Amino acid sequence: MNAIAARLDAVRERIRQAETRFGREPGSVALLAISKRHPPEALREALAAGQHAFGENYLQEALDKREALAGYPVEWHFVGPLQSNKTKPAAECFDWIHTLDRPKIARRLSEQRPEDRPPLNCCIQVNVSGEASKSGVTPADVEALAETVAALPGLRLRGLMTLPAPAAGLEAQRQPLRALRECLEALNARGYGLDTLSMGMSDDLEAAVAEGATIVRIGTAVFGPRPPG
Ligand SMILES: *Cc1c(COP(=O)(O)O)cnc(C)c1O
């Protein structure tokens, strides 16, 4: 077994154990492998070990990898910052965008989504830990953006995403993730019908599963340390 296959097994086991420990339905947490800065060969190893969903942060790097892996059954997720002058390739090439935080970008993605493809799955990025992170809307502004996104024909609003400030210890890690879950519950109480909480990375996977994550975004624990960028 190669190193990536072995790490994937270990991450799947962590998810399974966290599901059991926190009373989550077995199989209710999906693994998104964050492959930024790793070469196409690393993704091929992961694919051979049964991992098909990959998340990328940098648009050009993602487009190059997509070309290198043409013909492989990959579900492509974008988890990086999106610039409004680069929405067209994003709308054409990805299955999911996790980092929507502006109505202007949402409108452009919707207009530029090719008609022969299903609506682009989207999560709104929420800044739940205050000034520590600059991306994302505040919890108070989530609903306004959700209303905009839900009305766009080229997009399918699936849920919320966050990238909290690093914290040590399960309880401290759970706090911002709980805030994201509460945002989702508030939207669903107003009829949005969202099914996705994208949260949890290599160091806070367990906290995320405890707070209801449906997609965990794991880089280092799957691929090892990232090569310098
Ligand atoms: C890099 C990254 C991850 C994965 O982080 P690890 O700590 O390596 O697991 C998850 N989400 C986003 C948005 C990232 O940029």
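None of the values given here were measured: they were computed from a predicted structure. Both counts, for ligands and for their atoms, begin at 1 and track the order of listing.
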Is a side-chain N or O of Asp204 found less than 3.5 angstrom from the main chain of Ala207, in a donor-acceptor match?
-> no
For ligand 1, which atoms, with element, lie under 4.0 Å from some heavy atom of Ile218?
-> 9 (O)
Which bit of Asn57 gets closer than 4.0 Å to ligand 1, counting heavy atoms only: side chain, backbone, both or neither?
-> side chain
Top protein contact for atom 6 (P) of ligand 1, by heavy-atom distance | Ser202 OG, 3.5 Å
Closest approach of any protein heavy atom to atom 13 (C) of ligand 1, naming residue and atom | Val79 O, 3.5 Å
Does the pair Arg44/Glu41 count as a salt bridge with the N-to-O cut at 4.0 Å?
-> yes
The protein heavy atom nearest to atom 8 (O) of ligand 1 is Thr220 OG1, 2.6 Å
With respect to atom 14 (C) of ligand 1, which of Arg217, Met201, Lys36 exhibits the smallest heavy-atom separation?
-> Lys36
Against heavy atoms of Arg226, which atoms of ligand 1 measure under 4.0 Å?
-> 1 (C), 8 (O)
Over 60° means perpendicular and under 30° means parallel, so classify the ring planes of Phe54 and Trp76, tilted if in between.
-> tilted
Do Thr87 and Gln112 have a side chain donor and acceptor closer than 3.5 Å?
-> yes
Partner residues of His38 under the ring pair (Phe, Tyr, Trp, His ring centres under 6.0 Å) criterion, sequence neighbours left out | Phe223
Side-chain donor/acceptor of Arg37 to backbone N/O of Pro227, under 3.5 Å = yes
Any non-hydrogen atom of His98 lying under 4.0 Å from ligand 1?
-> no
